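A short write-up of the structure that comes next.
None of the values given here were measured: they were computed from a predicted structure.
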Amino acid sequence: MLINTFDSREQLAQGCAEKIAEGLAKGCAERGQASLAVAGGSTPSPTFRRLAAIDLPWPQITVTATDERLIPPDAALSNYRLIRDDLLFGPAAAASHIQLWSGDGSFQDAARRADEAVSSLLPFDISLIGMGEDGHIASLIPKSPALNLGLALDGAPAAIFVPEGEPTPVLPRLSLTLRALTDTRLVIVLVTGTAKLKVLETATENPALPIHHLLKQDRAPVQIFWAE
Ligand code: 6PG
């Protein structure tokens with residue numbers, strides 16, 4: 001587990017954006033296309049905005065979310081909206097944006113459609129993953145009834161339905177599975193603050209934490225990007 005430490009959150013955002021851009025540029029140069037899965041939540045927006053400013057062949061790039069809340073795509077908490085507004089603006093608006101949840105249909109149908117859509121993008125060039133202080137990644141959440149399927153590496157779909165639960169998630173969600181999140185050339189875990197760093201430092205000894213399984217897998221290299 002390589003931890004890249006930065007002196008400020010501004011430097012973290014710039015360093016993470018440059019690392020993502022490096023992977024996307026390589027994919028486009030080698031294969032004429034590249035794909036990126038990104039986390040939602042409150043951490044990644046500074047990285048998104050700096051990535052949007054980097055000169056990349058955006059028409060050759062496809063972006064999707066690592067997970068989605070099952071709310072209208074224009075809702076404030078929608079990751080689709082977050083990616084559209086904070087990343088895919090300006091020249092980056094020319095990228096393809098794959099929606100995990102269109103806002104209609106049953107949640108099970110939505111999971112099937114998301115599984116198909118994500119499977120067509122694999123392998124990703126970069127998976128940008130966030131983590132909660134409970135060690136969840138994407139919407140793979142401790143004690144969730146969907147967690148076993150979400151963490152299965154063999155035979156799991158690329159995306160699953162995650163029901164709301166106590167204490168989280170408050171909203172039902174779709175989540176990429178560990179199999180999909182690690183079907184990538186590089187995983188970046190973007191985290192800030194000492195609480196999350198402490199979780200990471202002990203995670204390899206705690207299989208109850210979803211992040212444990214990401215750090216222990218050998219399908220894709222993992223780099224942590226962290227600042228206080
Ligand atoms: C989401 C994310 C989720 C997030 C973590 C960390 O949609 O909420 O994909 O996995 O990365 O919960 O969230 P913060 O960045 O807000 O701490």
Side-chain angles (χ1 to χ4, degrees), residues 36-49 62-89 96-119 121 124 127-152 156-182 187-193 195-196 199-200 203 208-214:
L36 168 65
V38 295
S42 60
T43 303
S45 282
T47 294
F48 289 170
R49 285 193 291 274
T62 300
V63 181
T64 194
T66 61
D67 54 331
E68 185 57 281
R69 296 86 186 272
L70 292 172
I71 51 180
D74 272 328
L77 289 178
S78 160
N79 287 340
Y80 176 80
R81 184 207 54 75
L82 177 77
I83 295 166
R84 186 195 64 201
D85 294 352
D86 288 12
L87 174 53
L88 301 183
F89 63 92
S96 299
H97 185 189
I98 301 299
Q99 214 171 4
L100 293 184
W101 164 240
S102 62
D104 56 26
S106 75
F107 291 163
Q108 293 304 340
D109 283 346
R112 270 190 292 279
R113 287 199 299 270
D115 178 30
E116 287 166 14
V118 171
S119 296
L121 299 179
F124 295 124
S127 293
L128 176 70
I129 296 175
M131 185 191 76
E133 292 186 17
D134 62 354
H136 83 259
I137 53 174
S139 288
L140 305 178
I141 296 166
K143 300 191 177 66
S144 163
L147 186 61
N148 284 345
L149 182 59
L151 292 177
I160 57 171
F161 167 63
V162 179
E164 68 271 26
E166 281 299 327
T168 59
V170 173
L171 295 165
R173 300 199 178 182
L174 294 176
S175 182
L176 269 59
T177 56
L178 184 64
R179 179 183 73 78
L181 293 169
T182 57
V187 174
I188 295 175
V189 180
L190 177 62
V191 286
T192 56
K196 289 186 180 183
V199 171
L200 281 169
L209 302 182
I211 186 72
H212 168 91
H213 302 274
L214 176 67

Looking at every heavy atom in both [X] and [Y], which two are closest together, and how far apart are they?
{"X": "A37", "Y": "L176", "value": "CB-CD2, 4.3 Å"}
{"X": "L178", "Y": "T182", "value": "O-OG1, 2.7 Å"}
{"X": "G103", "Y": "P73", "value": "CA-CD, 4.0 Å"}
{"X": "F124", "Y": "S127", "value": "CD1-OG, 3.5 Å"}
{"X": "A158", "Y": "V118", "value": "CB-CG1, 3.8 Å"}
{"X": "R179", "Y": "S119", "value": "NH2-OG, 4.5 Å"}

So does [Y] get a backbone contact from the side chain of [X], meaning a donor-acceptor N/O pair under 3.5 Å?
{"X": "T66", "Y": "I129", "result": "no"}
{"X": "S96", "Y": "T62", "result": "no"}
{"X": "S175", "Y": "S139", "result": "yes"}
{"X": "H212", "Y": "A203", "result": "yes"}
{"X": "T43", "Y": "V191", "result": "no"}

So, do [X] and [Y] sit near enough that their side-chain heavy atoms are less than 4.5 Å apart?
{"X": "S102", "Y": "R113", "value": "yes"}
{"X": "P157", "Y": "L149", "value": "yes"}
{"X": "V162", "Y": "P169", "value": "yes"}

Measure up the F107 and W101 rings against each other and bin them: parallel (under 30°), tilted (30 to 60°), perpendicular (over 60°).
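Perpendicular, since the angle between the ring planes exceeds 60°.
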
To the nearest 0.5 Å, how far apart are [atom1] in [X] and [atom2] in [Y]?
{"X": "Q108", "Y": "I160", "atom1": "CD", "atom2": "CD1", "result": "10.0 Å"}
{"X": "L100", "Y": "L174", "atom1": "CG", "atom2": "CG", "result": "6.0 Å"}
{"X": "L140", "Y": "D67", "atom1": "CG", "atom2": "CG", "result": "8.0 Å"}
{"X": "D134", "Y": "L209", "atom1": "CG", "atom2": "CG", "result": "8.0 Å"}
{"X": "F48", "Y": "D85", "atom1": "CZ", "atom2": "CG", "result": "11.5 Å"}
{"X": "F89", "Y": "I83", "atom1": "CZ", "atom2": "CD1", "result": "13.5 Å"}

Contacts of D115 that satisfy salt bridge (Lys or Arg N to Asp or Glu O under 4.0 Å) - sequence neighbours left out:
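So D115 forms no salt bridge (Lys or Arg N to Asp or Glu O under 4.0 Å) with any residue.
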
Test of understanding: with salt bridge (Lys or Arg N to Asp or Glu O under 4.0 Å), list the residues that count as partners of D74, not counting sequence neighbours.
R84

Testing R69, E68, E164 for side chain to side chain contact (heavy atoms under 4.5 Å, CB included) with R173, which one passes?
R69

